Structures are given as structure tokens and as C-alpha cells.
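One structure is given here, and the rest of the page talks about it.
For clarity, every value in this text was computed on a predicted model and none was experimentally measured. Per chain, numbering begins at 1; letters A, B, ... match sequence-line order.
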Amino acid sequence: MLQFSLQQVLPLETATKERAKSLLPGHAVVVPLPSDSPLYTREGVSHVIHVLGPNMNPQRPNSLNNDYTKGCSILRETYTSLFTGFLSIGTHDETVADISAPSSTYGKVTGDKSKLEGPTSKSWGSWAQALYHIAMHPEKHKDKLLEVLDDFVVLNDLYPKACKHLLVLARHEGLDCLADVHEEHLQLLMTMHAVGLKWAEKFLHEDSSMVFRLGYHSVPSMRQLHLHVISQDFNSNHLKNKKHWNSFNTAFFRDSVDVIEEIKNHGKATIKDEDCWLSMELRCHRCRSAHPNIPRLKSHISICQAPFPDALLENGRLVLAPKHN
DNA sequence: GTTCTAGAAC
DNA sequence: GTTCTAGAAC
């Protein structure tokens, strides 16, 4: 256990009292250490975070009178305040005096919101981390990888929705989805496209009747930016529901060529995240006929010979699609 | 992202 | 009978 002398603690106590006279349960206060504090000069401690948990002792202020539910709630706030305060140190030059815990929104704190607004991107469940782990540690997943490059890896989608379905996975930390992509990533997007195209061409060399599309989901379920390279047969037992179909056959699927153009022209990509795209009626991607359910749609697409619509053939959205008259 | 389940809908 | 949907869990 660390021991502090009075001399070490005094500057901290003064600095703390400047920030907050008292602290309510569930709240934290971040105190940057004064430059004359021995804790700072000798130990290199830059900040101290004070945090007050729930109190069940009737002899002390703010006793909860054995209200266990309220105690749990305040304990949750306490930890959130503590971690939010800790995050604010790394990401902002200045800290605010009192950080109170948000009850439901992640990353937001009271006080100077303009400086302390937390990450606005979505949070990811544990099951959404698989690609991230592969991107960060490809050496641990060699058996799954088709190609390993400095900036990308290529792998088969674990649940392919067509005969050929690859992912070109970016290895850059902090790049999780299209919303994170900006002008500085243009070269990266173009390289990902080139890598994906190379694989599509390799498959086309083996079977020239295949047709490929390269693109991103507007709002991916898995963390870490990944480009889908998918053949347009959609012949797969893993394609089971409307969401599967529509995520590759509505505007929810953003063609790589379009994303690159949008980044070039506007510095950001269009994101069609409305749920309506994923729950749209099922339509054949070739002849646009509607079908009542997935089994009927799949039996239709296995025989549909219609040419791909012009909108898909323009500007390389489809790779080596058959020409029609 | 997946699987499982229950209930509704066809 | 089958299929769809939503929710929960992982």
C-alpha cells in the first residue's frame, strides 16, 4: 500500500478544495496535480481522481437506509464517473471539476460538454470483436487468413452469403465502420479496393461466369472496417433471412467505388442506416421481381438469367458482369 | 454476426 | 404445415 506524507498531500488537498468543496455519492472529481506537488515531481503522478461510493452507514451523510437497489445504482454511477473521469485525462488538456455519472448514455459527462463529449460511435458487444482481434493479431489466426499484408488481411467470411465471399480487413486501430472513414483514409480505401479486386480476378480466372461486387455495409455488425468481396450467385445456406439478403442488395450495401468517390468529393461516405432498407420486400437483384420469402427468392435466383440492371453495371460496381444488349 | 424460442401470420 | 418477427443470449 502506498503511504503519503503530509508534505506530499497538502498541495493535493489545496488543489482538490479548489475543484470541489464536497462530493456526492456516485460523483468523481479529477484533480490535476500542481507542479509543486511532490507526488507530481517525484512520482510522476499527473492526476488524482476522488470518487465517492454509496453509503449505508446511518452515522454518515447521504445514508441510503439499506436501500440495496439504490445502492447498486449509485455504485454503477460511481464506477462510470471514475472511468469517465479517467478517460477525460487522456483525451483532453483540461478537466472539469465535477464529473457526474450519466445514467444511460455512454461517454457523456455533465459540465463543459463542448470539451468532454465522449465517443459518439456505437459501442460493440463482445461477439462483434472477432474481426478486430484478427486485425490486431493476425499471427494468432494464420489458419483463417488467405493473405496478410502490413495494412490489411484477407479472409473468408465465416458465414459466407454466396459461393465466394471474402473480407478485406483493415488493420488500422480505431477504424471500425464507414462513419469513421474520412479524407485521410482515401488511399487506404483505394488499396482495399485493389486488394479485393485482385481476389475477384483470381476467382474469375478459375470461373469466368462469376460476377462480383465489392462494398461495405452502411452499419456493420462487426467491428473493424472490412470490405466485402461477394459473388452475385448468393448460393449459400448461410443466407437465411431478409436482413441477410437486403444487407447486400439494397442501398444499405455501399459499393466500394461509390464510397471512394464520396470520400474524394465530400470527405465522408453516405450511410444508409435506416432500418427500412433491411426490412424491405425481397426483390431479385437481376430482374427486380418481388418474392414473398427467402426460400422462394432463392429458388428464383438460382434460375434467373436476366441481365444485371444498368445501375449495377455502371462505373465498375459489378466486376466483369456479362454484357447485355 | 449467430442461435434459440415463442407467438403471430400465412 | 411453413415462414416471419422480435427478443434474449452469446
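- For the pairing with A:Tyr159, the ring pair (Phe, Tyr, Trp, His ring centres under 6.0 Å) check across A:His228, A:His165, A:His238 returns one residue only, A:His238.
- Linking Ile, Leu, Val, Met, Phe, Trp and Tyr residues whenever their side-chain heavy atoms come within less than 4.5 Å places A:Ile263 and A:Phe152 in a single cluster.
- Of the options A:Glu173, A:His137, A:Arg171, a side chain to side chain donor-acceptor pair (under 3.5 Å) to A:Tyr132 is made by A:Glu173 and by none of the others.
- Residue contacts shown for A:His226 are absent, as no nucleic acid heavy atom lies under 4.0 Å away.
- At least one side-chain heavy atom of A:Val229 sits less than 4.5 Å from a side-chain heavy atom of A:Phe212.
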Chi angles and distances behind the salt bridge (charged side-chain N to carboxylate O under 4.0 Å, His left out) call for A:Lys264, A:Glu262: CA-CA 5 Å; A:Lys264 265 186 200 166; A:Glu262 287 164 2; over 6 Å; no
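- Counting all heavy atoms, side chain and backbone alike, A:Leu214 lies closest to A:Gly196 at CD2-C, 3.9 Å.
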Nucleotide by nucleotide, 5' to 3', does protein get under 4.0 Å of the base (B), only the sugar-phosphate (S), or neither (-) in nucleotides 1-10 of chain C, counting heavy atoms? --SSS----B
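- Within residues 152-167 of chain A, the residues approached by DNA chain B to less than 4.0 Å at the level of any non-hydrogen atom are A:Tyr159, A:Lys161, in residue-number order.
- Summarising the geometry of A:Leu227 relative to A:Gly215, their closest heavy-atom pair is CD1-N, 3.4 Å, with the distance given to 0.1 Å.
- Applying the ring pair (Phe, Tyr, Trp, His ring centres under 6.0 Å) test to A:His285 and every residue at least two apart in sequence or in another chain returns A:Phe234, A:Trp245, A:Phe308.
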